[in-house]
Chemist: 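For reference, the structure I am asking about is given below.
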Protein chains: 2
Amino acid sequence: MAARDNGISSMLFRNVMAKKLNLNLTESVCLTLLGINKVSTPSQIAKYTGLTTGSTTTMLDRLEKKGFIKRKLNPKDRRGIIIETDTKYSDVTSAMVVSVQKAHKKLISKYSEKELKIIEDFLSKFTNNMNTAAEEIEG
Amino acid sequence: MAARDNGISSMLFRNVMAKKLNLNLTESVCLTLLGINKVSTPSQIAKYTGLTTGSTTTMLDRLEKKGFIKRKLNPKDRRGIIIETDTKYSDVTSAMVVSVQKAHKKLISKYSEKELKIIEDFLSKFTNNMNTAAEEIEG
DNA sequence: TTTTATAATCAAGTATCTTGAAAATGAAGG
DNA sequence: CCTTCATTTTCAAGATACTTGATTATAAAA
């Protein structure tokens with residue numbers, strides 16, 4: 001239940017962030033994935049967001065217009081492109097999350113190395129369960 | 001980072017679930033919040049999803065038409081109504097999450113009571129940080 | 001070198017959202 | 001009591017975002 005509530009809160013946190021940045025949820029998700037280098041091409045973005053490639057194109061147009069991303073040539077495939085977040089994105093978001101990151105750091109500092117290991121172990125395995133299940137449901 | 005990845009995975013899991021149920025993200029979020037009794041009125045749904053009350057009305061129309069929710073009279077306020085999830089919702093979703101829940105239970109069973117206490121403590125405090133930050137950003 | 005597959009884009013139609021107003025009820029103050 | 005202001009939901013019109021299906025270009029395979 002604690003893990004579930006955590007997921008829900010992160011979702012609600014995203015809602016609030018997105019609203020503040022005048023982004024819709026899809027755009028926010030896209031930028032997050034780009035930010036941690038989970039994705040880097042429109043096709044991948046389409047896959048993870050669940051959008052069609054058509055809407056992905058127009059969504060990227062919007063993000064580019066707002067200055068959050070840039071389209072670059074893909075040296076390995078001349079059909080495709082590479083999407084990168086602009087520094088504007090990290091600037092704007094890091095200003096918003098500075099407070100919560102501070103709180104997180106403080107929280108983490110209260111646990112021993114051993115305890116943190118347990119927590120990290122649980123989280124990564126819990127995450128793995130979800131990823132596996134998502135693939136199952138999808139396929 | 002593990003906690004962050006967990007949040008992202010739960011988001012991607014939601015995308016997959018929603019797609020499978022022919023729901024958009026907003027509808028999925030709404031049903032989740034209703035399912036755990038975090039919200040029960042259109043106003044609350046509007047607040048947490050970030051929708052206007054107008055779109056909330058039409059979204060609830062869609063969910064009602066699909067048989068996932070029901071509108072009921074609010075005995076405590078005759079201006080408002082109470083939203084409840086229909087059994088159809090829990091039936092459909094529980095079938096989809098049965099596999100991942102099994103995996104989660106198995107994972108949990110591998111930790112001692114003491115370890116679980118640490119994990120639960122961390123998660124609830126981490127969640128709390130996000131809730132607090134969300135309120136700060138919002139206000 | 002022909003065929004088939006993949007990547008991104010575009011145009012037209014559909015769905016979903018916002019804005020602003022309406023109707024009904026509640027709450028507060030004289 | 002009753003006037004005023006706030007709250008809850010709904011609605012209509014317009015704006016925004018999405019899907020579908022086609023197009024162009026390149027890659028990969030036969």
Side-chain angles (χ1 to χ4, degrees), chain A residues 11-12 14-34 38-66 68-84 138, chain B residues 11-12 14-34 38-66 68-84 138:
Chain A
M11 175 184 80
L12 296 176
R14 175 175 309 284
N15 282 352
V16 171
M17 285 267 292
K19 193 120 208 168
K20 211 71 181 182
L21 296 172
N22 278 313
L23 297 172
N24 67 26
L25 233 36
T26 311
E27 291 158 354
S28 170
V29 168
C30 172
L31 286 170
T32 300
L33 296 174
L34 286 168
K38 179 124 186 161
V39 299
S40 59
T41 71
S43 318
Q44 293 174 324
I45 293 169
K47 181 187 168 191
Y48 284 106
T49 57
L51 288 183
T52 61
T53 56
S55 3
T56 303
T57 295
T58 61
M59 180 197 62
L60 292 172
D61 288 345
R62 294 196 302 270
L63 289 178
E64 198 171 29
K65 200 173 174 185
K66 290 179 181 179
F68 286 129
I69 62 146
K70 281 183 178 162
R71 281 177 164 93
K72 301 202 170 175
L73 294 175
N74 186 343
K76 294 183 180 173
D77 188 340
R78 288 192 299 172
R79 291 170 302 183
I81 58 174
I82 296 284
I83 309 292
E84 285 179 11
E138 209 172 13
Chain B
M11 174 185 81
L12 297 176
R14 175 176 307 285
N15 282 352
V16 171
M17 284 266 294
K19 193 118 209 170
K20 212 72 181 178
L21 296 172
N22 278 314
L23 297 172
N24 67 26
L25 234 36
T26 313
E27 291 159 353
S28 171
V29 169
C30 172
L31 285 171
T32 300
L33 295 174
L34 286 168
K38 179 122 185 161
V39 300
S40 59
T41 71
S43 320
Q44 293 174 325
I45 293 168
K47 182 186 168 193
Y48 283 105
T49 57
L51 288 182
T52 61
T53 55
S55 0
T56 302
T57 294
T58 61
M59 180 197 62
L60 292 173
D61 288 344
R62 293 195 302 272
L63 290 178
E64 197 170 29
K65 200 173 172 185
K66 290 179 182 177
F68 286 129
I69 61 144
K70 282 185 178 160
R71 283 178 162 93
K72 300 202 171 175
L73 294 176
N74 186 342
K76 293 183 179 173
D77 187 342
R78 288 191 300 170
R79 292 169 303 180
I81 58 175
I82 295 283
I83 309 293
E84 285 179 11
E138 208 171 14

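By convention in this document, chain letters (A, B, ...) are assigned in the order of the sequence lines, proteins followed by strands, and residues within each chain are numbered from 1. Since this is a predicted model, take the numbers as computed values, not measurements.
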Chemist: Looking at OG of B/S28 and CG of B/L63, how far apart are the two atoms once the value is rounded to the nearest 0.5 Å?
Modeler: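 The distance works out to 10.0 Å.
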Chemist: Starting from P on D/dA15, measure out to CZ on A/R62 and report it in whole angstrom.
Modeler: 17 Å
Chemist: Return the value, rounded to whole Å, for the distance between atom CG of B/L23 and atom P of C/dC17.
Modeler: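 Going from CG in B/L23 over to P in C/dC17 covers 12 Å.
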Chemist: Round to a whole Å and report the spacing from CD1 of A/I83 to C1' of C/dA8.
Modeler: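 Atom CD1 in A/I83 sits about 10 Å away from atom C1' in C/dA8.
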Chemist: Could you tell me the separation between the CG atom of B/N22 and the C1' atom of C/dT14, rounded to a whole number of Å?
Modeler: 15 Å
Chemist: Send over the distance from A/K47 NZ to C/dA8 C1', rounded to a whole Å.
Modeler: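 So the two atoms are 18 Å apart, to the nearest Å.
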Chemist: To the nearest Å, how far apart are A/L73 CG and C/dA7 P?
Modeler: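 Distance, rounded to whole Å: 17 Å.
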Chemist: Verify the neighbour count for atom NZ of B/K47: are there more than 12 heavy atoms of other residues, nucleotides or ligands below 6.0 Å?
Modeler: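 It does not: B/K47 NZ has 12 such atoms or fewer within range.
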Chemist: Over how many whole Å does the gap from A/L51 atom CG to D/dT16 atom P extend?
Modeler: 18 Å
Chemist: In whole angstrom, what separates A/K19's NZ from C/dC17's P?
Modeler: 11 Å
Chemist: Would you give the length of the straight line joining atom NZ of B/K38 to atom OG1 of B/T32, rounded to the nearest 0.5 angstrom?
Modeler: 12.0 Å
Chemist: Mark up nucleotides 4-11 of chain D, 5' to 3', with B wherever a protein heavy atom is under 4.0 angstrom from a base atom, S wherever such an atom reaches only the sugar-phosphate, and - elsewhere.
Modeler: --BBSBBB
Chemist: Does A/M59 form a side chain to side chain contact (heavy atoms under 4.5 Å, CB included) with A/I45? I'd like the steps, not just the answer.
Modeler: CA-CA 10 Å; A/M59 180 197 62; A/I45 293 169; 3.8 Å; yes
Chemist: Output yes when at least one side-chain N/O atom of B/R78 is less than 4.0 Å from OP1 or OP2 of C/dA23, else no.
Modeler: no
Chemist: Give the C-alpha distance, both sets of side-chain angles, the deciding distance and a yes or no for side chain to side chain contact (heavy atoms under 4.5 Å, CB included) between B/V29 and B/R14.
Modeler: CA-CA 8 Å; B/V29 169; B/R14 175 176 307 285; 4.0 Å; yes
Chemist: Check whether B/N74 reaches the backbone of B/R79 with its side chain - one donor and one acceptor, N or O, closer than 3.5 Å.
Modeler: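 Answer holds: no.
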